[in-house]
J.: 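Below is one structure. I have some questions about it.
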Amino acid sequence: MAHDTLSNAQMRDIAALIHPYTNPAAHGRTGAHMIESGEGVFVTDGDGKRYVEGMAGLWCCGLGFGDGELIAAAQEQLARLPYYHLFGGRTHEPAIELAERLKDLFPEPMGKVFYGSSGSEANDTQVKLIWYMNNALGRPEKKKIVSRKRGYHGVTLATASLTGLPLNHGSFDLPFDFVRHTRCPHHWREAHAGETEREFSARLAAELDAMIEAEGPETVAAFIAEPVMGAGGVIVPPEGYFAAIQPVLDRHDVALIADEVICGFGRTGNWFGTETMGMRPASASFAKQMTGGYVPLSAVAVNPAMAEAIEAEASRHPALGHGFTYGGHPLGCAVGVAAIDIYRRRDIVGHVRRIAPLFQQRLREAADHPLVGEARGIGLIGGLELSPDPARAATFAAPGKVGARLAQELLDHGVILRAIGDTLAFCPPMIITEDEVEMIFAPMQAALDATHAWAKAEGHLG
Ligand SMILES: Cc1ncc(COP(=O)(O)O)c(C=O)c1O
(Lines give C-alpha, C1' and ligand atoms only; values in the text may rest on other atoms or scores of the structure.)
Protein backbone atom coordinates (compact mmCIF):
# COMPACT_ATOMS: atom_id res chain seq x y z
CA MET A 1 0.00 0.00 0.00
CA ALA A 2 1.42 3.38 -0.94
CA HIS A 3 1.70 6.00 1.75
CA ASP A 4 -0.94 8.28 0.23
CA THR A 5 -3.56 5.54 0.60
CA LEU A 6 -3.21 5.46 4.38
CA SER A 7 -6.07 6.80 6.42
CA ASN A 8 -5.73 9.67 8.83
CA ALA A 9 -5.87 7.26 11.78
CA GLN A 10 -3.15 5.09 10.22
CA MET A 11 -0.93 8.14 9.71
CA ARG A 12 -1.48 9.20 13.34
CA ASP A 13 -0.73 5.65 14.47
CA ILE A 14 2.57 5.64 12.57
CA ALA A 15 3.50 9.03 13.99
CA ALA A 16 2.62 8.19 17.60
CA LEU A 17 3.20 4.51 18.34
CA ILE A 18 5.98 2.00 18.66
CA HIS A 19 4.21 -1.31 17.98
CA PRO A 20 5.17 -4.49 19.83
CA TYR A 21 6.17 -7.45 17.67
CA THR A 22 5.87 -5.39 14.49
CA ASN A 23 8.42 -4.59 11.80
CA PRO A 24 8.43 -0.76 11.80
CA ALA A 25 9.65 -0.39 8.21
CA ALA A 26 6.90 -2.62 6.84
CA HIS A 27 4.36 -1.04 9.17
CA GLY A 28 5.28 2.40 7.86
CA ARG A 29 4.35 1.23 4.36
CA THR A 30 1.18 -0.74 5.06
CA GLY A 31 -0.24 1.08 8.07
CA ALA A 32 -2.04 -0.46 11.02
CA HIS A 33 -5.08 -2.69 10.86
CA MET A 34 -7.69 -0.88 12.92
CA ILE A 35 -9.98 -3.09 14.99
CA GLU A 36 -13.08 -1.31 16.21
CA SER A 37 -15.42 -3.74 17.88
CA GLY A 38 -15.96 -7.36 18.84
CA GLU A 39 -18.86 -9.72 19.49
CA GLY A 40 -18.59 -13.42 20.30
CA VAL A 41 -15.74 -14.93 18.26
CA PHE A 42 -15.83 -12.04 15.75
CA VAL A 43 -14.12 -8.67 15.50
CA THR A 44 -14.90 -5.89 13.03
CA ASP A 45 -12.30 -3.59 11.51
CA GLY A 46 -12.34 0.07 10.54
CA ASP A 47 -13.73 -0.76 7.09
CA GLY A 48 -16.65 -2.66 8.63
CA LYS A 49 -15.22 -6.05 7.61
CA ARG A 50 -15.91 -8.88 10.07
CA TYR A 51 -13.34 -11.55 10.98
CA VAL A 52 -13.34 -14.75 12.99
CA GLU A 53 -10.75 -14.04 15.68
CA GLY A 54 -8.95 -17.38 15.51
CA MET A 55 -6.37 -16.35 18.10
CA ALA A 56 -8.71 -15.05 20.83
CA GLY A 57 -6.71 -11.83 20.58
CA LEU A 58 -3.38 -12.90 22.05
CA TRP A 59 -4.51 -16.30 23.40
CA CYS A 60 -6.59 -14.53 26.02
CA CYS A 61 -10.23 -13.86 25.06
CA GLY A 62 -11.45 -17.35 25.91
CA LEU A 63 -15.02 -16.08 26.37
CA GLY A 64 -14.90 -14.09 23.16
CA PHE A 65 -15.77 -10.41 22.88
CA GLY A 66 -18.65 -8.53 24.43
CA ASP A 67 -19.51 -10.99 27.19
CA GLY A 68 -22.25 -9.26 29.14
CA GLU A 69 -21.46 -10.89 32.48
CA LEU A 70 -17.79 -9.94 32.38
CA ILE A 71 -18.70 -6.39 31.42
CA ALA A 72 -21.27 -6.17 34.23
CA ALA A 73 -18.76 -7.50 36.77
CA ALA A 74 -16.26 -4.84 35.66
CA GLN A 75 -18.84 -2.06 35.81
CA GLU A 76 -20.04 -3.05 39.28
CA GLN A 77 -16.49 -3.21 40.61
CA LEU A 78 -15.55 0.12 39.03
CA ALA A 79 -18.52 1.75 40.71
CA ARG A 80 -17.82 0.16 44.13
CA LEU A 81 -14.04 0.34 44.39
CA PRO A 82 -12.18 1.25 41.21
CA TYR A 83 -8.75 0.90 42.74
CA TYR A 84 -7.07 -0.45 45.76
CA HIS A 85 -3.84 -2.23 46.47
CA LEU A 86 -2.56 -4.99 48.70
CA PHE A 87 0.51 -3.16 50.04
CA GLY A 88 1.08 -2.73 53.74
CA GLY A 89 -1.49 -5.37 54.67
CA ARG A 90 -4.48 -3.82 52.91
CA THR A 91 -6.87 -6.08 51.06
CA HIS A 92 -10.23 -6.27 49.29
CA GLU A 93 -12.82 -8.97 48.73
CA PRO A 94 -12.20 -9.65 44.99
CA ALA A 95 -8.49 -10.32 45.63
CA ILE A 96 -9.29 -12.81 48.39
CA GLU A 97 -12.03 -14.52 46.41
CA LEU A 98 -9.96 -14.98 43.28
CA ALA A 99 -7.00 -16.35 45.24
CA GLU A 100 -9.32 -18.84 46.96
CA ARG A 101 -10.70 -19.97 43.62
CA LEU A 102 -7.23 -20.44 42.14
CA LYS A 103 -6.17 -22.53 45.13
CA ASP A 104 -9.35 -24.62 44.89
CA LEU A 105 -9.09 -25.21 41.17
CA PHE A 106 -5.39 -25.91 40.73
CA PRO A 107 -4.66 -29.65 40.76
CA GLU A 108 -1.52 -29.39 42.93
CA PRO A 109 -1.84 -28.10 46.49
CA MET A 110 -1.02 -24.40 46.51
CA GLY A 111 -0.38 -22.32 49.61
CA LYS A 112 -0.67 -18.69 48.59
CA VAL A 113 -1.17 -16.37 45.65
CA PHE A 114 0.73 -13.23 44.62
CA TYR A 115 -0.68 -10.90 41.96
CA GLY A 116 0.79 -8.95 39.06
CA SER A 117 -0.71 -7.42 35.93
CA SER A 118 0.89 -9.46 33.14
CA GLY A 119 2.31 -12.86 32.39
CA SER A 120 5.77 -11.30 32.33
CA GLU A 121 5.29 -9.87 35.81
CA ALA A 122 4.11 -13.26 37.03
CA ASN A 123 7.17 -15.09 35.70
CA ASP A 124 9.49 -12.32 36.83
CA THR A 125 7.97 -12.80 40.27
CA GLN A 126 8.60 -16.55 39.99
CA VAL A 127 12.31 -15.89 39.49
CA LYS A 128 12.47 -13.45 42.39
CA LEU A 129 10.52 -15.66 44.78
CA ILE A 130 12.66 -18.71 44.00
CA TRP A 131 15.81 -16.68 44.63
CA TYR A 132 14.33 -15.18 47.78
CA MET A 133 13.33 -18.63 49.00
CA ASN A 134 16.72 -20.17 48.32
CA ASN A 135 18.42 -17.36 50.20
CA ALA A 136 15.99 -18.03 53.04
CA LEU A 137 16.83 -21.72 52.95
CA GLY A 138 20.55 -20.97 53.24
CA ARG A 139 21.46 -22.05 49.70
CA PRO A 140 22.40 -18.79 48.01
CA GLU A 141 24.20 -20.59 45.16
CA LYS A 142 21.02 -22.29 43.95
CA LYS A 143 19.79 -19.63 41.50
CA LYS A 144 20.00 -20.83 37.89
CA ILE A 145 16.79 -21.47 36.03
CA VAL A 146 16.48 -23.92 33.16
CA SER A 147 14.08 -23.05 30.38
CA ARG A 148 13.51 -24.57 26.95
CA LYS A 149 14.43 -23.33 23.50
CA ARG A 150 11.25 -21.88 21.95
CA GLY A 151 9.66 -21.53 25.39
CA TYR A 152 7.91 -18.18 25.87
CA HIS A 153 7.77 -16.64 29.32
CA GLY A 154 7.60 -12.89 28.73
CA VAL A 155 9.65 -9.87 27.81
CA THR A 156 10.95 -8.23 30.98
CA LEU A 157 14.71 -8.55 31.42
CA ALA A 158 14.44 -11.74 33.45
CA THR A 159 11.55 -13.30 31.56
CA ALA A 160 12.92 -12.42 28.11
CA SER A 161 16.02 -14.26 29.31
CA LEU A 162 13.86 -17.28 30.14
CA THR A 163 12.16 -17.03 26.75
CA GLY A 164 14.07 -19.27 24.36
CA LEU A 165 13.65 -17.24 21.18
CA PRO A 166 16.48 -15.33 19.46
CA LEU A 167 14.13 -12.45 18.54
CA ASN A 168 13.75 -11.62 22.24
CA HIS A 169 17.50 -11.62 22.87
CA GLY A 170 19.07 -9.98 19.81
CA SER A 171 20.25 -6.38 20.39
CA PHE A 172 18.84 -6.49 23.95
CA ASP A 173 22.05 -7.94 25.43
CA LEU A 174 20.11 -10.95 26.67
CA PRO A 175 19.78 -13.59 27.99
CA PHE A 176 21.13 -12.94 31.48
CA ASP A 177 23.47 -15.65 32.63
CA PHE A 178 21.24 -17.18 35.32
CA VAL A 179 19.34 -18.94 32.52
CA ARG A 180 20.19 -22.18 30.72
CA HIS A 181 18.14 -23.29 27.70
CA THR A 182 17.60 -26.95 27.06
CA ARG A 183 16.29 -28.66 23.93
CA CYS A 184 12.84 -27.90 22.60
CA PRO A 185 10.54 -30.92 23.07
CA HIS A 186 9.43 -30.93 19.44
CA HIS A 187 9.35 -34.50 18.18
CA TRP A 188 8.81 -33.73 14.49
CA ARG A 189 11.82 -31.42 14.34
CA GLU A 190 14.17 -32.72 17.02
CA ALA A 191 13.72 -36.50 17.18
CA HIS A 192 16.26 -38.84 15.62
CA ALA A 193 15.12 -40.99 12.69
CA GLY A 194 12.90 -43.77 14.03
CA GLU A 195 12.92 -42.41 17.61
CA THR A 196 9.50 -42.84 19.26
CA GLU A 197 7.95 -40.04 21.29
CA ARG A 198 8.69 -41.94 24.50
CA GLU A 199 12.30 -42.53 23.50
CA PHE A 200 12.60 -38.85 22.62
CA SER A 201 11.17 -37.90 26.04
CA ALA A 202 13.70 -40.17 27.74
CA ARG A 203 16.52 -38.53 25.76
CA LEU A 204 15.29 -35.05 26.71
CA ALA A 205 15.20 -36.07 30.37
CA ALA A 206 18.73 -37.49 30.10
CA GLU A 207 19.94 -34.28 28.48
CA LEU A 208 18.35 -32.23 31.25
CA ASP A 209 19.99 -34.46 33.83
CA ALA A 210 23.37 -34.03 32.17
CA MET A 211 22.90 -30.26 32.01
CA ILE A 212 22.04 -30.02 35.72
CA GLU A 213 24.98 -32.28 36.60
CA ALA A 214 27.34 -30.17 34.50
CA GLU A 215 26.11 -26.92 36.08
CA GLY A 216 26.17 -28.42 39.55
CA PRO A 217 22.77 -29.27 41.07
CA GLU A 218 23.55 -26.96 43.99
CA THR A 219 23.39 -24.04 41.49
CA VAL A 220 20.13 -24.95 39.73
CA ALA A 221 16.94 -23.67 41.35
CA ALA A 222 14.11 -24.30 38.93
CA PHE A 223 12.87 -25.55 35.58
CA ILE A 224 10.17 -23.45 33.94
CA ALA A 225 7.83 -24.87 31.31
CA GLU A 226 4.57 -24.16 29.55
CA PRO A 227 2.47 -27.35 29.55
CA VAL A 228 2.02 -26.75 25.80
CA MET A 229 4.34 -24.18 24.24
CA GLY A 230 2.34 -21.37 22.67
CA ALA A 231 4.15 -18.34 21.32
CA GLY A 232 7.21 -20.42 20.39
CA GLY A 233 5.09 -22.12 17.72
CA VAL A 234 2.49 -24.29 19.51
CA ILE A 235 4.49 -27.35 20.49
CA VAL A 236 2.80 -30.19 22.34
CA PRO A 237 5.38 -32.16 24.32
CA PRO A 238 6.02 -35.77 23.31
CA GLU A 239 4.32 -38.63 25.13
CA GLY A 240 5.69 -39.17 28.62
CA TYR A 241 7.68 -35.93 28.62
CA PHE A 242 6.86 -34.50 32.04
CA ALA A 243 6.78 -37.98 33.57
CA ALA A 244 10.38 -38.40 32.38
CA ILE A 245 11.49 -34.90 33.44
CA GLN A 246 9.98 -34.92 36.94
CA PRO A 247 12.27 -37.57 38.51
CA VAL A 248 15.30 -35.62 37.22
CA LEU A 249 14.02 -32.48 38.90
CA ASP A 250 13.21 -34.38 42.11
CA ARG A 251 16.66 -35.97 42.20
CA HIS A 252 18.35 -32.57 42.04
CA ASP A 253 15.82 -30.71 44.18
CA VAL A 254 14.92 -28.42 41.27
CA ALA A 255 11.45 -26.83 41.46
CA LEU A 256 9.09 -27.13 38.50
CA ILE A 257 7.38 -23.86 37.57
CA ALA A 258 4.28 -24.32 35.39
CA ASP A 259 3.72 -21.37 33.09
CA GLU A 260 -0.07 -21.66 32.69
CA VAL A 261 -0.41 -18.23 31.08
CA ILE A 262 -1.86 -19.68 27.85
CA CYS A 263 -2.92 -23.18 28.91
CA GLY A 264 -4.79 -22.20 32.09
CA PHE A 265 -8.59 -22.09 32.36
CA GLY A 266 -9.67 -24.74 29.90
CA ARG A 267 -7.58 -24.24 26.79
CA THR A 268 -6.24 -27.82 26.63
CA GLY A 269 -9.50 -29.51 27.69
CA ASN A 270 -8.81 -29.46 31.43
CA TRP A 271 -8.85 -26.53 33.81
CA PHE A 272 -5.06 -26.40 33.62
CA GLY A 273 -2.37 -27.70 31.28
CA THR A 274 -0.77 -29.13 34.41
CA GLU A 275 -3.53 -31.78 34.47
CA THR A 276 -3.45 -32.42 30.73
CA MET A 277 0.30 -32.98 30.79
CA GLY A 278 0.58 -34.68 34.18
CA MET A 279 2.87 -32.04 35.69
CA ARG A 280 3.71 -31.69 39.39
CA PRO A 281 4.73 -28.05 39.72
CA ALA A 282 5.82 -26.32 42.91
CA SER A 283 4.40 -23.05 41.60
CA ALA A 284 2.35 -21.78 38.67
CA SER A 285 1.79 -18.56 36.72
CA PHE A 286 -1.65 -17.49 35.49
CA ALA A 287 -2.84 -14.57 33.31
CA LYS A 288 -4.69 -14.07 30.02
CA GLN A 289 -7.87 -16.22 30.21
CA MET A 290 -7.99 -15.68 33.97
CA THR A 291 -9.95 -12.50 33.18
CA GLY A 292 -11.02 -13.54 29.68
CA GLY A 293 -8.44 -10.96 28.57
CA TYR A 294 -10.80 -8.09 29.50
CA VAL A 295 -8.60 -6.69 32.28
CA PRO A 296 -4.84 -7.08 32.78
CA LEU A 297 -4.14 -9.38 35.71
CA SER A 298 -1.74 -12.17 36.53
CA ALA A 299 -1.09 -14.38 39.50
CA VAL A 300 1.59 -16.63 40.89
CA ALA A 301 0.57 -19.51 43.13
CA VAL A 302 3.25 -21.15 45.27
CA ASN A 303 2.99 -24.38 47.23
CA PRO A 304 2.69 -24.24 51.04
CA ALA A 305 6.39 -24.91 51.68
CA MET A 306 7.44 -22.10 49.35
CA ALA A 307 4.89 -19.73 50.83
CA GLU A 308 6.19 -20.51 54.30
CA ALA A 309 9.86 -20.02 53.38
CA ILE A 310 9.12 -16.76 51.54
CA GLU A 311 7.05 -15.35 54.38
CA ALA A 312 9.61 -16.38 56.97
CA GLU A 313 12.31 -14.54 55.01
CA ALA A 314 10.08 -11.48 54.50
CA SER A 315 9.42 -11.41 58.24
CA ARG A 316 13.15 -11.04 58.86
CA HIS A 317 13.08 -7.89 56.69
CA PRO A 318 10.91 -4.85 57.36
CA ALA A 319 8.58 -6.21 54.63
CA LEU A 320 8.50 -8.31 51.46
CA GLY A 321 10.36 -6.01 49.09
CA HIS A 322 8.26 -6.84 46.03
CA GLY A 323 4.90 -5.65 44.74
CA PHE A 324 3.23 -3.95 41.77
CA THR A 325 0.92 -0.94 42.00
CA TYR A 326 -1.67 -2.73 39.89
CA GLY A 327 -1.07 -6.25 41.19
CA GLY A 328 -4.39 -7.61 42.46
CA HIS A 329 -6.27 -4.65 41.00
CA PRO A 330 -9.89 -4.98 42.16
CA LEU A 331 -11.20 -4.63 38.61
CA GLY A 332 -9.05 -7.52 37.39
CA CYS A 333 -9.85 -9.67 40.41
CA ALA A 334 -13.62 -9.04 40.15
CA VAL A 335 -13.55 -9.92 36.45
CA GLY A 336 -11.36 -12.94 37.23
CA VAL A 337 -13.90 -14.20 39.77
CA ALA A 338 -16.69 -13.66 37.24
CA ALA A 339 -14.73 -15.43 34.49
CA ILE A 340 -14.09 -18.47 36.66
CA ASP A 341 -17.75 -18.59 37.62
CA ILE A 342 -18.69 -18.46 33.93
CA TYR A 343 -16.19 -21.19 33.03
CA ARG A 344 -17.84 -23.34 35.70
CA ARG A 345 -21.49 -22.49 35.12
CA ARG A 346 -21.36 -22.67 31.32
CA ASP A 347 -19.11 -25.75 31.49
CA ILE A 348 -16.55 -24.17 29.18
CA VAL A 349 -14.02 -26.93 29.89
CA GLY A 350 -16.62 -29.52 28.85
CA HIS A 351 -17.37 -27.48 25.73
CA VAL A 352 -13.67 -27.40 24.81
CA ARG A 353 -13.57 -31.19 25.17
CA ARG A 354 -16.64 -31.61 22.98
CA ILE A 355 -15.50 -29.28 20.20
CA ALA A 356 -11.77 -30.10 20.23
CA PRO A 357 -12.07 -33.33 18.18
CA LEU A 358 -13.68 -31.40 15.28
CA PHE A 359 -11.14 -28.57 15.58
CA GLN A 360 -8.18 -30.97 15.68
CA GLN A 361 -9.57 -33.05 12.82
CA ARG A 362 -10.03 -29.99 10.57
CA LEU A 363 -6.52 -28.82 11.52
CA ARG A 364 -5.01 -32.17 10.65
CA GLU A 365 -6.79 -32.31 7.31
CA ALA A 366 -4.62 -29.38 6.28
CA ALA A 367 -1.54 -31.55 6.83
CA ASP A 368 -2.17 -33.23 3.48
CA HIS A 369 -1.30 -30.03 1.67
CA PRO A 370 2.19 -30.08 0.06
CA LEU A 371 3.14 -26.86 1.87
CA VAL A 372 2.35 -28.22 5.34
CA GLY A 373 5.03 -29.98 7.33
CA GLU A 374 3.14 -30.69 10.53
CA ALA A 375 -0.33 -30.07 11.98
CA ARG A 376 -0.29 -30.29 15.76
CA GLY A 377 -2.28 -29.27 18.77
CA ILE A 378 -4.46 -30.30 21.68
CA GLY A 379 -7.78 -29.02 22.98
CA LEU A 380 -8.47 -25.68 21.30
CA ILE A 381 -4.89 -24.77 20.48
CA GLY A 382 -3.16 -25.70 17.26
CA GLY A 383 -0.24 -25.06 14.95
CA LEU A 384 0.27 -25.61 11.24
CA GLU A 385 3.95 -25.59 10.38
CA LEU A 386 4.84 -24.89 6.76
CA SER A 387 7.88 -26.38 5.11
CA PRO A 388 9.50 -26.28 1.67
CA ASP A 389 10.17 -30.03 2.03
CA PRO A 390 7.88 -31.59 4.65
CA ALA A 391 9.42 -35.07 4.40
CA ARG A 392 12.73 -33.65 5.65
CA ALA A 393 11.14 -31.19 8.10
CA ALA A 394 13.08 -28.54 6.16
CA THR A 395 12.88 -24.84 7.04
CA PHE A 396 12.61 -21.98 4.56
CA ALA A 397 15.79 -20.15 3.57
CA ALA A 398 14.03 -16.86 4.40
CA PRO A 399 12.09 -17.72 7.58
CA GLY A 400 8.70 -16.16 8.27
CA LYS A 401 7.83 -14.94 4.79
CA VAL A 402 5.64 -17.87 3.70
CA GLY A 403 3.91 -18.03 7.10
CA ALA A 404 3.15 -14.31 6.92
CA ARG A 405 1.75 -14.74 3.41
CA LEU A 406 -0.61 -17.51 4.56
CA ALA A 407 -1.83 -15.37 7.46
CA GLN A 408 -2.50 -12.54 4.98
CA GLU A 409 -4.40 -14.83 2.61
CA LEU A 410 -6.59 -15.98 5.50
CA LEU A 411 -7.11 -12.41 6.63
CA ASP A 412 -8.43 -11.62 3.15
CA HIS A 413 -10.87 -14.50 3.67
CA GLY A 414 -12.00 -13.03 7.00
CA VAL A 415 -9.98 -15.19 9.42
CA ILE A 416 -7.45 -13.77 11.88
CA LEU A 417 -4.66 -16.19 12.74
CA ARG A 418 -1.09 -15.47 13.75
CA ALA A 419 2.03 -16.56 11.90
CA ILE A 420 4.82 -17.40 14.32
CA GLY A 421 7.69 -17.69 11.89
CA ASP A 422 6.34 -20.28 9.45
CA THR A 423 3.89 -21.83 11.91
CA LEU A 424 0.33 -20.63 11.79
CA ALA A 425 -1.07 -20.53 15.33
CA PHE A 426 -4.72 -21.23 16.21
CA CYS A 427 -6.25 -20.40 19.57
CA PRO A 428 -9.90 -19.46 19.06
CA PRO A 429 -12.18 -18.25 21.83
CA MET A 430 -13.22 -21.33 23.81
CA ILE A 431 -16.91 -20.51 23.23
CA ILE A 432 -16.51 -21.26 19.52
CA THR A 433 -19.31 -23.32 17.91
CA GLU A 434 -18.98 -26.06 15.29
CA ASP A 435 -20.14 -23.67 12.56
CA GLU A 436 -17.54 -21.13 13.61
CA VAL A 437 -14.80 -23.79 13.56
CA GLU A 438 -15.89 -24.46 9.97
CA MET A 439 -15.56 -20.74 9.22
CA ILE A 440 -11.90 -20.88 10.25
CA PHE A 441 -11.09 -23.90 8.12
CA ALA A 442 -13.36 -23.30 5.10
CA PRO A 443 -10.85 -21.00 3.33
CA MET A 444 -7.79 -23.05 4.38
CA GLN A 445 -7.35 -25.06 1.19
CA ALA A 446 -7.70 -22.01 -1.05
CA ALA A 447 -5.38 -19.96 1.17
CA LEU A 448 -2.77 -22.74 1.22
CA ASP A 449 -3.00 -23.15 -2.58
CA ALA A 450 -2.57 -19.41 -3.13
CA THR A 451 0.35 -19.29 -0.69
CA HIS A 452 1.94 -22.32 -2.34
CA ALA A 453 1.71 -20.70 -5.78
CA TRP A 454 3.14 -17.47 -4.43
CA ALA A 455 5.97 -19.26 -2.59
CA LYS A 456 6.87 -21.13 -5.78
CA ALA A 457 6.86 -17.96 -7.87
CA GLU A 458 9.00 -16.16 -5.29
CA GLY A 459 11.52 -19.02 -5.13
CA HIS A 460 10.79 -19.98 -1.49
CA LEU A 461 10.40 -23.66 -2.31
CA GLY A 462 14.04 -24.04 -3.28
C1 LIG B 1 3.23 -18.82 28.30
C2 LIG B 1 3.38 -17.33 28.43
N3 LIG B 1 3.99 -16.83 29.50
C4 LIG B 1 4.15 -15.51 29.67
C5 LIG B 1 3.69 -14.62 28.73
C6 LIG B 1 3.89 -13.15 28.92
O7 LIG B 1 2.69 -12.54 29.20
P8 LIG B 1 2.51 -10.96 29.02
O9 LIG B 1 2.56 -10.70 27.54
O10 LIG B 1 1.17 -10.72 29.63
O11 LIG B 1 3.61 -10.31 29.76
C12 LIG B 1 3.03 -15.10 27.61
C13 LIG B 1 2.51 -14.17 26.58
O14 LIG B 1 2.08 -14.56 25.52
C15 LIG B 1 2.88 -16.49 27.44
O16 LIG B 1 2.28 -16.99 26.35
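Ligands are counted one by one from 1 in listed order, and the atoms in each one are counted from 1 as well.
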J.: Do any nitrogen or oxygen atoms of W59 come within less than 3.5 Å of a nitrogen or oxygen of ligand 1?
T.: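 There is no such contact.
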
J.: List ligand 1 atoms under 4.0 Å from S118, heavy atoms only on the residue side.
T.: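 Listed by number with element: 10 (O), 11 (O).
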
J.: Should you measure from each heavy atom of N123, which atoms of ligand 1 turn up under 4.0 Å away?
T.: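 By the 4.0 Å cutoff, the relevant atoms are 3 (N), 4 (C).
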
J.: Compute the minimum heavy-atom distance from K288 to ligand 1 and say whether it is under 4.0 Å.
T.: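 Checking ligand 1 against K288, which is what was asked, there is a heavy-atom contact under 4.0 Å.
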
J.: Would you indicate whether F441, at its atom CZ, is surrounded by more than 12 heavy atoms from other residues, nucleotides or ligands within a distance under 6.0 Å?
T.: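 Result for CZ/F441: enclosed.
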
J.: What are the two closest heavy atoms between K149 and M229, and how far apart are they?
T.: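 K149 and M229 have their closest heavy atoms at O-CE, 3.4 Å.
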
J.: Do me a favour and list the nearest non-hydrogen protein atom to atom 11 (O) of ligand 1 with residue, atom name and distance?
T.: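 Here the closest protein heavy atom is S120 OG, 2.5 Å.
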
J.: What's the separation between atom CD in E308 and atom CD in E313, rounded to the nearest 0.5 Å?
T.: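 Those atoms lie 13.0 Å apart.
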
J.: Side chain or backbone of A231 under 4.0 Å from ligand 1, or both, or neither, by non-hydrogen atoms?
T.: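 For A231, no heavy atom sits under 4.0 Å from ligand 1.
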
J.: So, for G64 and Y294, which heavy atoms are closest and what is the spacing to 0.1 Å?
T.: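 The answer is O-OH, 2.8 Å.
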
J.: Against ligand 1, does L58 come closer than 4.0 Å with any heavy atom?
T.: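 Heavy atoms of L58 never come under 4.0 Å of ligand 1.
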
J.: Nearest to atom 4 (C) of ligand 1 by heavy atom, E226, H153, M229: which?
T.: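 Considering heavy atoms of E226, H153, M229, the nearest to atom 4 (C) of ligand 1 sits in H153.
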
J.: Compute the centroid of each ring, for F106 and then for F272, and state whether the two points are separated by less than 6.0 Å.
T.: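 Yes, ring centres under 6.0 Å apart.
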
J.: Donor-acceptor pair, distance only, cut-off 3.5 Å: does the side chain of Q126 make one with the backbone of A284?
T.: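 Between the backbone of A284 and the side chain of Q126 there is a qualifying donor-acceptor contact (under 3.5 Å).
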
J.: Any nitrogen or oxygen of I262, main chain or side chain, under 3.5 Å from a nitrogen or oxygen of ligand 1?
T.: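 So ligand 1 has no N or O lying under 3.5 Å from an N or O of I262.
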
J.: Got more than 12 heavy atoms from elsewhere within 6.0 Å of CZ, R90?
T.: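 No, because the 6.0 Å sphere around CZ of R90 holds 12 heavy atoms or fewer from other groups.
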
J.: What is the nearest protein non-hydrogen atom to atom 7 (O) of ligand 1, stated with its residue, atom name and distance?
T.: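 Checked against all protein heavy atoms, atom 7 (O) of ligand 1 sits closest to G119 CA, 3.2 Å.
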
J.: Note the single closest protein heavy atom to atom 3 (N) of ligand 1, along with its residue, its atom name and the distance in Å.
T.: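 Nearest neighbour among protein heavy atoms for atom 3 (N) of ligand 1, to 0.1 Å: D259 OD2, 2.7 Å.
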
J.: Residue-level breakdown please: for V155 versus ligand 1, do any non-hydrogen atoms fall below 4.0 Å on the side chain, on the backbone, on both, or on neither?
T.: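 Within the 4.0 Å criterion, V155 makes no contact with ligand 1.
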
J.: Can you check whether V220's main-chain N or O pairs, donor with acceptor, with H252's side chain at less than 3.5 Å?
T.: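 Checked: no pair found.
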
